[in-house]
*Asks:* 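Encoded as structure tokens, here's the structure I'll be asking about.
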Amino acid sequence: MTSPYIKELQDVIRRLHGVESEYVQSVPVHEVFKGRTVWKGVVHVFDLIGHPTSFRVYAWAHDTDDPENPRRHVTVLHSHPIKSAEDAVRASIVQEFRSGTATEEA
């Protein structure tokens, strides 16, 4: 039986990438920079069905402090140089810092 959270992520994948997905696994990731935790959580790995450029996507969600958008979903396609859940988290962190939306986690 698929959990509601996995179904939620699959709905986001369908909406953002236009294809169905199949859950593969959940990978714990702990990203540290200069001795401090910058991200710690679980990344969910999905195989994509019929996507034109990638066979896999990494996805997760987290709560925000924004009452208008209380939950943020992140999806990162498996495509060079993204080859793992850890790579997907690093790419997301870099993107957040570039866009000015980064937050520090304890």
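Numbers for residues simply follow the sequence, beginning at 1.
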*Asks:* To the nearest 0.5 Å, tell me how far H30 NE2 sits from K40 NZ.
*Replies:* 5.0 Å

*Asks:* Any heavy-atom pair between the side chains of Q95 and V76 that's under 4.5 Å?
*Replies:* no

*Asks:* CD of Q10 to OH of Y23: how many Å apart, nearest 0.5 Å?
*Replies:* 10.0 Å

*Asks:* Please give me the minimum heavy-atom distance between V29 and A85, naming the atom from each residue.
*Replies:* CG2-CB, 4.1 Å

*Asks:* How long is the gap from CZ on F46 to OG1 on T75, to the nearest 0.5 Å?
*Replies:* 10.5 Å

*Asks:* Hey, are the side chains of I13 and L48 touching, using non-hydrogen atoms and a 4.5 Å cut-off?
*Replies:* yes

*Asks:* Are any of the side-chain heavy atoms of I82 and S79 separated by less than 4.5 Å?
*Replies:* no

*Asks:* Could you report the tightest heavy-atom contact between Y58 and A88, atom names first, then the distance?
*Replies:* CB-CB, 3.7 Å

*Asks:* Honestly curious: do V24 and V27 fall in one hydrophobic cluster under the side-chain, below-4.5 Å linking rule?
*Replies:* yes

*Asks:* Could you state whether I93 and F33 fall into the same hydrophobic cluster, counting links through intermediate Ile, Leu, Val, Met, Phe, Trp or Tyr residues with side-chain heavy atoms under 4.5 angstrom apart?
*Replies:* yes

*Asks:* Please enumerate all residues that pass side-chain contact (heavy atoms from CB on, under 4.5 Å) together with H73, with sequence neighbours excluded.
*Replies:* E8, L9, V12, A61, R71

*Asks:* So with a 6.0 Å cut-off around NZ of K83, is the heavy-atom count from everything else above 12?
*Replies:* yes

*Asks:* When rounded to the nearest 0.5 angstrom, what is the spacing between NE2 in H51 and CZ in R56?
*Replies:* 14.0 Å

*Asks:* Could you pull out the closest heavy-atom pair between P81 and D87, with the gap in Å?
*Replies:* O-OD2, 3.4 Å

*Asks:* If hydrophobic residues (ILVMFWY) are linked whenever their side-chain heavy atoms come closer than 4.5 Å, directly or via other members, who joins I49 in its cluster?
*Replies:* none

*Asks:* What residues, two or more places apart in sequence or in another chain, satisfy salt bridge (Lys or Arg N to Asp or Glu O under 4.0 Å) together with E31?
*Replies:* R90

*Asks:* D11: what forms a side-chain contact (heavy atoms from CB on, under 4.5 Å) with it, not counting sequence neighbours?
*Replies:* R14

*Asks:* Output all residues satisfying side-chain contact (heavy atoms from CB on, under 4.5 Å) with D66, sequence neighbours left out; order by chain, then residue number.
*Replies:* T64, E68, N69

*Asks:* Check each of H78, H44, H17 against V57 using the side-chain contact (heavy atoms from CB on, under 4.5 Å) test, and report the only one that passes.
*Replies:* H17

*Asks:* So, using side-chain contact (heavy atoms from CB on, under 4.5 Å) as the criterion, who are the partners of S92 when residues are at least two apart?
*Replies:* W60, V74, E96

